[in-house]
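First the proteins, then the strands, lettered A, B, ... as listed; each starts at 1. Values below: all heavy atoms of this structure, side chains included; hydrogens, waters and symmetry mates excluded.
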Amino acid sequence: MLSIEHIREHPDEVRRALQTRGEEDPITEVLELDAQIRQAITQRDHLNAERNRVSKEVGRMRSQGQEATEEIRAEMRKIGGQADALNQQTKDLGDKINGLLLELPNLPQPDVPVGTGEEGNIIVRQGGEPPIFDFEPIPHWDLGPKLGIIDFERGTKLAGSRFYTTMGAGAKLERALISWMLDLHTLEHGYTEVSLPAVVKREIMEGSGNLPKFADNLYHDEEDDLWLIPTAEVPITNLYRDEIIPANTLPLKYVAQTPCFRREKAAAGRDTRGIKRVHQFNKVEMYKFVDPETSNQELEQLVDDAEDVCRKLGFTYRVLQLCTGDLGFASAKTYDIEVWAAGCQEWLEVSSCSNCTDFQARRSNIRYRAEEGGRPRLPHTINGSGLALPRVMIAILENYQQPDGSVVIPEVLRPYTGFDVIPAKTG
RNA sequence: GGAGGGGUGGCGGAGCGGUUGAACGCGGCGGUCUUGAAAACCGUUGUUCCGGUUUUCCGGAACCGUGGGUUCGAAUCCCACCCCCUCCGCCA
C-alpha cells in the first residue's frame, strides 16, 4: 500500500510512477476522498469533545447530588447522534479510500528501467558455462517418465491437469534439494529456518499484496475463508503483522520451504508440457525484514544468496533486472534469475527477488524501532526464491543427462541423495 | 465437538456506569546520592488519527480481544463473534 501522506504531498510524482507501470490513475479520486474524510474527522472530533465535556460535567453534578436536566440530555442525544453519523461517514470513506489504495501497486524505484513488458528487462550478468553435449539432450517431460521418476498421468488422475507425481529417485532428489538449500541458507547465509501454515486468512493475503487484486490466481476454501498460499512470502510477511519489532533486531532473515498453490488462470494453455508451470510445487523462499536505509544492499545480497545455489549446482544462469512494466504488484525493484535448461532449450525463471520497500509493511502494519525509545517506523521487506523446486529439477535432469539416458547428480547433492546417478531404466 | 474458566498498558495484576489512558507491582528511561556500581529516593514511561506549530511542541479525538447495542456518559451493562486455558470425547 502506498502512503496516503505521500500521495497527498506528491500526487504528480505518484501519477508518473504509476504510469510507467501501465496503471490507471485513481489519484484524483483518492485525494478528493481524503479531503472529505479529514473534514469529517475534524467535525466528529469536535462533537465528541463537546459530548465528553458535558458528560463529565454531568458526572460532576451527580456527585454533588444534582441531576442533569432533560434539556441537557436531549441536547447531548442530538450531538451524540450527529457524532455517530459522522463517525459512520468516516468509516465509509475510510473503506473507500482503503479499497482504492489496496488496488494500487508499489512505485518502482528511480533506477528501474522503464518498459512495458518482458522485452524491457535487462540482463545484468550471466554465470556458469553452458553444458556441452555430443548427443541431443531430451526435455524432462520425456526424460522423467523414461527414468520412471516423474509420472504425469497419475498426477492428472489424482488432481487434474498441471499436477504431477514424482517417484523413487525423483522424489528423493527433490527432498535432497530442499534439505540442501535449507542447510545452505541457514548455515552459510545466515537465515533462520521457519515452518509455516500453507493456508492463511484473507487479511494475511491482503498484507502481502495478493488480495484483493489477484484472487483469480489463488485457491480458496469457502467454508473457513482460508486461502492456499502461492508462496511462503505470504505467511512470512505477516509473521510480524500488528507488531513493533524492537530496536536493534533488524535485519531479520528467514528461509522456509512450503508447497505453493497457483491456479495459473492467466497462463491457461501456456507451458502445458512438463513441470515448468504447475498448480502445486515446492519452493524454498528467503525473506528479510530490513532497515529502509539498507534495503537495496540487502536485495543485492539476497540475489547473491540465490545465485549461490545456481553456482553450486553448476548451472548456467543469468540475472535480469525487471523493467517497470514487468514488476510484481508489491515490488519496487526486482531481479529474476533464470537457468538454462538444455533439453527444452529454455531459460527457466527459478527465482524472483524483490525489494517491496515499505509496501507490505504498511499493508500488514509491521513496524520497527530504529533506536531504543524512538518512534516506530516501517521496515522494508525483501523476498526471493532460493529456489523453486520443479524448475531446478528440470535443469538438473536436462543438463546432467548422459548419452545412456542416466542422470548424474551434482556433487553438492550427493550427501543428501545418497546416490550419485539416476540410472537409466533397462528393459 | 461437549462442559467450565478467562481475554486490561512491555510483563504481572486492580478496576461501585461518571474528572480512569486506566490504581498497584515489575521492567525501561532520566535524575539525586556514590570514586564507580548496587541499594534507596524523586520524576518519567503506549499506539494511531485530526488540527495548529513545524526536526522541540500544543490542543482535540480514538484505542482495556473484535464488532454491534443500551446510556448524557461504558474497561465496567446487553448481544454476537474470535482467541486462550482446564476437563471430557475424537483423531494424525
Side-chain angles (χ1 to χ4, degrees), chain A residues 1-10 30-101 195-207 221-227 235 238-250 252 259 292-293 358 361-379:
Chain A
M1 190 148 58
L2 303 180
S3 144
I4 185 72
E5 288 81 17
H6 188 251
I7 294 175
R8 205 184 281 154
E9 281 157 32
H10 311 281
V30 169
L31 289 174
E32 251 166 51
L33 292 170
D34 181 53
Q36 285 176 31
I37 198 175
R38 289 158 77 195
Q39 199 191 349
I41 286 171
T42 302
Q43 281 180 35
R44 180 201 62 189
D45 285 358
H46 282 317
L47 290 172
N48 277 344
E50 173 68 3
R51 169 160 63 173
N52 290 345
R53 193 183 62 75
V54 174
S55 290
K56 276 183 183 169
E57 187 60 37
V58 170
R60 224 171 283 139
M61 284 166 64
R62 266 201 91 190
S63 68
Q64 288 162 18
Q66 288 172 279
E67 278 300 328
T69 62
E70 179 52 35
E71 196 182 342
I72 289 175
R73 292 215 253 147
E75 176 64 15
M76 284 305 106
R77 255 198 298 277
K78 200 174 122 202
I79 286 186
Q82 286 171 352
D84 288 347
L86 278 166
N87 196 40
Q88 190 53 50
Q89 204 180 320
T90 62
K91 276 184 187 168
D92 293 344
L93 284 166
D95 287 348
K96 242 187 230 172
I97 293 168
N98 215 31
L100 288 170
L101 291 182
S195 176
L196 300 156
V199 296
V200 296
K201 301 178 196 170
R202 174 180 295 270
E203 63 260 34
I204 302 303
M205 282 290 181
E206 277 180 5
D221 166 52
E222 294 260 348
E223 190 171 354
D224 295 316
D225 196 21
L226 287 174
W227 301 72
N238 287 274
L239 281 174
Y240 292 98
R241 161 176 273 267
D242 296 326
E243 291 188 41
I244 299 172
I245 299 166
N248 308 318
T249 40
L250 297 186
L252 285 165
E293 271 74 57
D358 59 12
R362 185 173 294 106
R363 283 179 164 243
S364 303
N365 190 29
I366 304 160
R367 288 164 300 161
Y368 80 104
R369 288 188 210 278
E371 67 276 313
E372 211 82 55
R375 306 208 112 255
R377 301 203 288 159
L378 297 165

Nearest whole Å is fine: how far is B:C49 C1' from A:Arg362 CZ?
15 Å
Salt bridge (Lys or Arg N to Asp or Glu O under 4.0 Å) between A:Asp95 and A:Lys91, worked out
CA-CA 6 Å; A:Asp95 287 348; A:Lys91 276 184 187 168; over 6 Å; no
Go through B:G73, B:G46, B:G60 for me and flag the one nearest to the A:Ala49 side chain.
B:G60
Spacing of CZ belonging to A:Arg363 relative to CD1 belonging to A:Ile204, to within rounding of 0.5 Å
12.5 Å
Watson-Crick or G-U wobble partner for B:G17, using a 3.5 Å limit on both distances?
none
Distance check needed: B:U19 P versus A:Arg62 CZ, whole Å only.
12 Å
Could you check whether atom CD of A:Glu9 has more than 12 heavy atoms from other residues, nucleotides or ligands sitting under 6.0 Å from it?
yes
Could you work out the separation of B:C77 and B:G7 based on their P atoms and round it to a whole Å?
11 Å
Please determine, for B:G9, whether a Watson-Crick or G-U wobble partner exists with both distances under 3.5 Å, and give it or none.
none
Can you tell me how far apart CG (A:Leu93) and CG (A:Leu86) are? Round to the nearest 0.5 Å.
10.0 Å
Students often get this wrong, so: under 4.0 angstrom with heavy atoms, is A:Arg369 touching a base, only sugar-phosphate, or nothing?
sugar-phosphate
Nearest-angstrom distance from the residue atom CZ of A:Arg51 to P of B:U19
16 Å
Please name the nucleotide paired to B:G46 by Watson-Crick or G-U wobble geometry with both distances under 3.5 Å, or report none.
B:C63
B:C57: pairing nucleotide in any strand, Watson-Crick or G-U under 3.5 angstrom:
B:G52
Rounded to whole Å, CG of A:Asp242 lies from P of B:U66 at a distance of 11 Å
Under 3.5 Å for both donor-acceptor distances, Watson-Crick or wobble: does B:G89 have a partner, and if so which one?
none
Distance check: side-chain N/O of A:Asn52 vs OP1/OP2 of B:A61, anything under 4.0 Å?
yes
Is A:Arg367 near enough to B:U47 that one of its side-chain N or O atoms lies under 4.0 angstrom from OP1 or OP2?
no
Looking only at the side chain of A:Arg60 (C-beta and beyond, no hydrogens), which of the listed nucleotides B:G68, B:G18, B:U19 gets closest?
B:U19
Under 3.5 Å, side chain of A:Ser55 to main-chain N/O of A:Asn52, donor-acceptor pair present?
no
Reckon A:Val58 touches a base, only the sugar-phosphate, or nothing at all at heavy-atom distances under 4.0 Å?
base
Just to verify, what does A:Glu50 make a side-chain hydrogen bond (donor to acceptor under 3.5 Å, both in side chains) with, not counting sequence neighbours?
A:Arg53
A:Arg44 side, atom CZ; A:Thr42 side, atom OG1 - distance, nearest 0.5 Å
9.0 Å
Could you give the distance separating B:U48 and B:U53 at their P atoms, to the nearest angstrom?
23 Å
Separation of the P atoms in B:G4 and B:C72, to the nearest angstrom:
35 Å
Any heavy-atom pair between the side chains of A:Arg73 and A:Glu70 that's under 4.5 Å?
yes
Can you check the distance between B:C41 and B:U34, where both ends of the measurement are the C1' atom (answer in whole Å)?
14 Å
Indicate yes or no: does A:Glu371 engage A:Arg377 in a salt bridge with an N to O separation below 4.0 Å.
no
CD of A:Glu203 versus P of B:G65: gap in Å, rounded?
19 Å
Report the residue (A:Ala74 or A:Gln88) whose heavy-atom-nearest nucleotide on RNA chain B is the more 5′ of the two.
A:Gln88
Sticking with atom C1', work out how far B:C78 lies from B:U71, rounded to a whole angstrom.
12 Å
Reckon A:Arg77 touches a base, only the sugar-phosphate, or nothing at all at heavy-atom distances under 4.0 Å?
sugar-phosphate
Separation of B:U54 atom P from A:Glu5 atom CD, nearest Å, is 20 Å
Report the distance from atom CG of A:Leu47 to atom C1' of B:G51, rounded to the nearest whole Å.
15 Å
Given the P atoms of B:U54 and B:G12, what is the spacing between them in whole Å?
43 Å
Have a look at A:Lys91 and say if it touches a base, only the backbone sugar-phosphate, or nothing, with a 4.0 Å heavy-atom cut-off.
sugar-phosphate
To the side chain of A:Lys56, which of B:C72, B:G21, B:G18 is closest?
B:G21
Whole-Å C1' distance, B:A61 and B:U56:
23 Å
Can you tell me, in whole Å, how much space there is between the P of B:G67 and that of B:C58?
30 Å
From CG of A:Leu378 over to C1' of B:U47, roughly how many Å is that when rounded to an integer?
14 Å
Any side-chain donor paired with an acceptor under 3.5 Å for A:Asp92 and A:Gln88?
yes
Could you identify which residues of residues 32-46 of chain A place a heavy atom less than 4.0 Å from some atom of RNA chain B, listed by residue number, or say none?
A:Arg38, A:Ile41, A:Thr42, A:Asp45
For A:Arg8, answer base if it contacts any base atom (sugar-phosphate contacts may also be present), sugar-phosphate if it contacts only those atoms, and nothing otherwise; contact means non-hydrogen atoms under 4.0 Å.
sugar-phosphate
If B:C41 has a Watson-Crick or G-U wobble mate with both distances under 3.5 Å, name it; if not, just say none.
B:G31
